[in-house]
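As the structure lists them, so they are numbered: ligands from 1, and atoms in each ligand from 1. All residue numbers refer to positions in the sequence shown, counting from 1.
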Amino acid sequence: MKAVRLLPIALSFLLLTGCAWEAAAPAQAEEAHTVELLAMDTIMRITVYGPDGQKAADQAADRILELEDLLSTTDTGSEIYGVNHSGGAPAALSGDTVRLLDQALTLCESTGGALDVTIYPVVRAWGFTTGACQVPGGDELAGLLEQVDYREVALEGSVLTLPRGAEIDLGAVAKGYTGDQVAALLLDAGVTSALLELGGNIQTVGAKPDGTPWRVAVQAPEGGYAGVLEVEDKAVVTSGGYERYFEQDGEIYWHIIDPATGYPAQSGLTSVTIISDRGVEGDGLSTALFVMGAEKAASYWRENGGFDFVLIDEEGGVTITEGIEDSFSLYGEWTDHDLTVLRP
Ligand code: AMP
Ligand code: MG
């Protein structure tokens with residue numbers, strides 16, 4: 001089962017460092033070990049540097065598949081599927097699901113419900129879970145929205161009780177949590193340099209093997225790169241309307257839903273990238289701040305802090321927070337775009 005989901009790409013190659021000053025320094029070439037896999041609806045790539053990297057990368061892939069088996073909304077054997085079909089009965093959860101749900105509920109609360117883990121009935125009505133996408137009727141959405149309220153989720157210890165008819169979707173935070181778990185596993189295994197590419201989520205362990213920061217691109221909505229960030233030991237998580245969408249009668253509908261309306265969030269933003277220590281926070285906030293829009297996102301940052309962001313708006317304007325002023329730069333054609341730096 002797992003082998004099927006592991007893509008047959010277990011590369012092992014030498015990373016060649018080649019800057020001028022490095023030529024004078026002792027050789028720092030480190031072996032790179034890469035595993036690619038299909039999980040959580042996306043292609044993931046784990047690259048671990050150093051002598052025992054292959055074993056650690058394989059363990060990381062196993063951990064990702066283990067989490068996918070727990071957290072999938074559509075896999076009938078998953079813990080989330082079981083909870084969503086519990087008919088209102090209390091359900092015992094595993095440690096991972098408890099920890100993730102607990103962190104997610106905290107973010108639902110702090111974002112005033114812009115992130116809402118009970119959004120699943122609405123997401124399903126739009127067809128984003130199956131790929132059979134359609135615009136639901138207004139009455140249908142209004143009915144489904146009555147089931148959406150994270151405050152009705154009762155998590156006591158490891159026991160979860162959902163109101164009858166309510167269903168949860170951890171899709172907005174699962175990859176972030178997975179990044180945190182994999183980064184911790186690699187650090188425990190003694191890894192000092194690794195790059196986790198989990199779809200739109202990037203998580204970095206340490207710096208590059210040569211000691212310089214990782215360079216992570218921020219995608220432009222129409223393709224290509226809008227900017228580049230230099231980071232070490234950070235999660236860089238993007239939510240964008242362009243990541244998953246469909247078109248009907250000339251209108252574009254994307255997968256990030258405003259829980260206040262049941263419709264795709266139209267906040268004037270085309271993407272939100274969060275730079276944070278923890279992937280789960282970055283993932284939850286990238287989705288939530290996309291729903292909020294630029295103004296509320298700025299207020300949220302000023303009130304809560306502890307992370308940075310790159311917002312791209314529909315006019316192509318870019319807004320960043322002060323903490324990444326020196327580590328972010330616009331790229332290529334985007335160097336002409338307006339760049340605003342927010343201060344506390
Ligand atoms: P992300 O790509 O991290 O922004 O997460 C988007 C996914 O989270 C969607 O595919 C849905 O499954 C789910 N989702 C959409 N809107 C919301 C929301 N407002 N709160 C929580 N989950 C959401
Ligand atoms: Mg997210």
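For Phe246 and Phe128, the ring centers sit closer than 6.0 Å to each other. Between Trp254 and Tyr242, the gap from one ring centroid to the other reaches at least 6.0 Å.
Of all the listed residues (Val123, Leu170, Asp169, Asn201), Asp169 holds the heavy atom that lies closest to atom 12 (O) of ligand 1. Within the set Asp283, Ile168, Val291, the minimum heavy-atom distance to atom 3 (O) of ligand 1 is found for Asp283. The residue from Ser239, Ala265, Ala104, Pro264 that puts a heavy atom closest to atom 4 (O) of ligand 1 is Ser239.
Geometrically, ligand 1 and Thr287 share a nitrogen or oxygen pair separated by less than 3.5 Å.
Among all protein heavy atoms, the one lying closest to atom 21 (C) of ligand 1 is Asp116 O, 3.2 Å. Of the protein's heavy atoms, Ile119 CG2, 4.0 Å lies nearest to atom 14 (N) of ligand 1. Looking from atom 6 (C) of ligand 1 to the surrounding protein, the closest heavy atom is His255 CD2, 3.6 Å. In terms of protein heavy-atom proximity, atom 16 (N) of ligand 1 is nearest to Ile257 N, 3.0 Å. Atom 5 (O) of ligand 1 has as its closest protein heavy atom Ala172 CA, 3.4 Å.
Set against the non-hydrogen atoms of Pro259, the atoms of ligand 1 under 4.0 Å away are 19 (N). Heavy-atom proximity to Leu115, at under 4.0 Å, picks out these atoms of ligand 1: 20 (N), 21 (C). Here is the list of ligand 1 atoms found below 4.0 Å of a heavy atom in Gly171: 5 (O), 8 (O).
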- Task: Please lay out, stage by stage, how Leu162 and Asn84 fare under the test side-chain contact (heavy atoms from CB on, under 4.5 Å).
- Result: CA-CA 8 Å; Leu162 290 179; Asn84 285 346; 3.9 Å; yes

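The shortest distance between side-chain heavy atoms of Val228 and Val218 does not fall below 4.5 Å. Glu322 is listed as a side-chain neighbour of Glu325, based on a closest heavy-atom distance under 4.5 Å.
Under a 4.0 Å N-O distance rule, the pair Asp102/Arg99 does not qualify as a salt bridge. Salt bridge Glu30/Lys208: absent, no basic N to carboxylate O contact under 4.0 Å. Here Arg244 pairs with Asp41 in a salt bridge; the nearest charged N to carboxylate O distance falls below 4.0 Å.
By the criterion of a heavy-atom distance under 4.0 Å, the backbone of Ala114, and not its side chain, is placed next to ligand 1.
Leu37 and Leu71 fall within a single hydrophobic cluster, where Ile, Leu, Val, Met, Phe, Trp and Tyr side chains are chained together by heavy-atom contacts under 4.5 Å.
Not one N/O/S atom of Ser239, from backbone or side chain, sits under 2.8 Å from the Mg ion (ligand 2). The Mg ion (ligand 2) has no N, O or S atom of Lys175 closer than 2.8 Å.
With the Mg ion (ligand 2) as the vertex, OG1 (Thr287) and OD1 (Asp283) define an angle of 180°, rounded to 10°.
Exactly one residue among Ile80, Asp116, Ile119, Thr73 makes a side-chain contact (heavy atoms from CB on, under 4.5 Å) with Ile168. That residue is Ile80.
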